[in-house]
There are 2 protein chains.
Amino acid sequence: MNEEKCEIVDIWEVLGRRWSLHILKNLTTHGTVRFNEIKRLIPEISSTVLSDRLLELEREGLISKKIFPQVPIKVEYSLTPQGKELQPILHQLNNWVDKWQSHRIENKFETDNQNVKAYRKAAAR
Amino acid sequence: MNEEKCEIVDIWEVLGRRWSLHILKNLTTHGTVRFNEIKRLIPEISSTVLSDRLLELEREGLISKKIFPQVPIKVEYSLTPQGKELQPILHQLNNWVDKWQSHRIENKFETDNQNVKAYRKAAAR
DNA sequence: TAATCTTAGTAGTAATATAATACTTAGTCA
DNA sequence: TGACTAAGTATTATATTACTACTAAGATTA
């Protein structure tokens with residue numbers, strides 16, 4: 001992994017990366033988890049990206065890892081105090097998602113997104 | 001824009017995309033905003049991506065747009081009721097970011113991230 | 001009169017991020 | 001002996017995002 005590309009400018013950037021919120025949400029609900037446990041909880045994520053995200057989150061001080069030097073090795077991830085302060089927020093976010101997820105499916109074919117092209121023509125009378 | 005690639009599976013996916021949270025945060029704090037206004041508020045974002053994100057957020061029912069067929073055209077973006085329910089959550093998130101942003105900078109060179117490679121060697125004695 | 005500016009994007013291409021797959025390590029189990 | 005384990009890494013392929021330049025019709029400026 002390149003060191004340069006991991007110099008992330010701010011926390012929004014990290015949170016805005018794919019899977020970050022997912023990972024934090026799972027750490028929030030499951031407490032201490034291991035690498036492959038997260039992979040099982042989020043089956044669509046690849047090892048590569050999970051590894052990157054965990055390193056970024058660790059660097060940002062959101063999670064910490066504990067390594068057990070066994071064979072095979074064991075690594076446990078958990079939230080730091082900073083990460084724990086995110087828990088209530090993530091909970092609320094999760095509730096919000098659950099609430100609207102169903103609505104979204106119902107309204108899927110009703111939404112009438114406005115498109116600028118048509119209105120440009122209208123303006124060009 | 002390809003229709004297929006815009007079929008997004010869930011809200012987490014949309015929120016987890018780059019700039020989404022940023023855009024929502026700015027809509028939360030500024031109310032009704034126009035396209036170039038957002039670009040000014042988030043100078044690093046490109047037109048291409050801002051356009052994509054706004055469309056996705058509109059499709060998910062988080063924001064709505066109002067088009068004024070003038071020349072030059074005017075488009076206003078604002079939060080839907082669903083989007084407005086995110087406001088308190090985004091506020092808390094924003095506070096959390098502000099709180100820890102400074103810590104992060106201070107601790108930047110103190111963090112001692114654990115790395116598995118070293119421990120594998122330890123285990124391999 | 002003509003060049004320039006305006007807005008909310010789009011088109012095309014370059015750069016970057018993510019995905020898929022195979023591989024590593026040393027010990028345990030069959 | 002060979003398969004299996006966990007937590008990744010390396011390599012290559014694909015998808016996303018960024019970076020220009022461009023559009024349209026009118027208003028402003030020179």
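On a predicted model such as this, the values are computed, not experimentally measured, just so you know. Below, chains carry the letters A, B, ... as their sequence lines are ordered, and counting in each starts from 1.
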*Can you pull the side chain to side chain donor-acceptor pair (under 3.5 Å) pairs that have at least one residue in residues 86-97 of chain B, sequence neighbours excluded?*
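The answer is A/Q92-B/Q92.
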
*Counting distance only, does the side-chain N/O of B/E58 pair as donor-acceptor with the main-chain N or O of A/Q114 below 3.5 Å?*
yes

*Just by modelled atom types, is the A/R18 backbone N or O under 3.5 Å from a matching donor or acceptor in the A/R53 side chain?*
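Side chain of A/R53 to backbone of A/R18, a donor-acceptor pair under 3.5 Å: yes, one is there.
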
For nucleotides 5-8 of chain C, give me every protein contact, N/O to N/O, under 3.5 Å, one pair per line with atom names.
unit_1 : atom_1 : unit_2 : atom_2 : d
C/dT7  : O3'    : B/R34  : NH2    : 3.1
C/dT7  : O3'    : B/I73  : O      : 3.1
C/dA8  : OP1    : B/R34  : NE     : 3.0
C/dA8  : OP1    : B/R34  : NH2    : 3.3
C/dA8  : OP1    : B/V75  : N      : 2.9
C/dA8  : OP1    : B/V75  : O      : 3.3
C/dA8  : OP2    : B/N36  : N      : 3.3
C/dA8  : N3     : A/R120 : NH2    : 2.5

Expressed in angstrom and rounded to an integer, what is the separation of [X] atom [atom1] from [N] atom [atom2]?
X: A/H22; N: C/dT18; atom1: NE2; atom2: P; answer: 15 Å
X: A/Q70; N: D/dG8; atom1: CD; atom2: P; answer: 13 Å
X: B/I38; N: C/dG9; atom1: CD1; atom2: P; answer: 9 Å
X: A/R17; N: D/dT16; atom1: CZ; atom2: P; answer: 16 Å
X: B/D52; N: C/dT10; atom1: CG; atom2: P; answer: 8 Å
X: A/K117; N: D/dT23; atom1: NZ; atom2: P; answer: 14 Å
X: B/L50; N: D/dC19; atom1: CG; atom2: C1'; answer: 15 Å
X: A/E44; N: C/dT18; atom1: CD; atom2: C1'; answer: 14 Å

*asked:* side-chain contact (heavy atoms from CB on, under 4.5 Å), that's the test. Do B/I67 and A/N115 meet it? Break it down for me.
replied: CA-CA 8 Å; B/I67 299 177; A/N115 102 313; 5.9 Å; no

Below 4.0 Å: OP1/OP2 of [N] and any side-chain N or O of [X]:
X: A/W19; N: C/dA19; result: yes
X: A/R53; N: C/dT18; result: yes
X: A/S51; N: D/dG8; result: no

*Side chain of A/S47: nearest nucleotide among D/dG8, C/dT18, C/dT10?*
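Taking heavy atoms from C-beta onward, the closest nucleotide is D/dG8.
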
*May I have all residue pairs that pass salt bridge (Lys or Arg N to Asp or Glu O under 4.0 Å) and include part of residues 71-81 of chain A, sequence neighbours excluded?*
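Every pair satisfying salt bridge (Lys or Arg N to Asp or Glu O under 4.0 Å) with a residue in residues 71-81 of chain A: A/K74-A/E76.
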
*Quick one: which residue pairs count as a salt bridge (Lys or Arg N to Asp or Glu O under 4.0 Å) with a foot in residues 33-43 of chain B, not counting sequence neighbours?*
none

Contacts under 3.5 Å, N or O only, protein and nucleotides 28-30 of chain D:
none

*Compare every heavy atom of A/I63 with every heavy atom of A/L27, then report the nearest pair and how far apart it is.*
CD1-CG2, 3.5 Å

_Axis bend over the full length of the helix from C/dA8-D/dT23 to C/dA30-D/dT1, computed from five pairs that close each end, to 10 degrees_ = 30°

*With sequence neighbours excluded, give me every ring-ring contact (aromatic ring centres under 6.0 Å, His included) pair touching residues 17-59 of chain B.*
A/W12-B/H22, B/W19-B/H22

*Could you tell me which residues satisfy salt bridge (Lys or Arg N to Asp or Glu O under 4.0 Å) with A/K99, sequence neighbours excluded, listed by chain and number?*
B/E85

*Taking it one step at a time, do A/L86 and B/L93 satisfy side-chain contact (heavy atoms from CB on, under 4.5 Å)?*
CA-CA 8 Å; A/L86 260 183; B/L93 193 56; 3.5 Å; yes

*Would you call A/E56-A/R59 a salt bridge at under 4.0 Å N-O?*
no

*Apply side chain to side chain contact (heavy atoms under 4.5 Å, CB included) to A/D112 and list each qualifying residue two or more places apart in sequence or on a separate chain.*
none

*Report yes if a donor N or O on one partner sits less than 3.5 Å from an acceptor N or O on the other, where the partners are the side chain of B/T48 and the base of D/dC19; otherwise report no.*
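Answer is yes: a donor-acceptor pair is held.
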
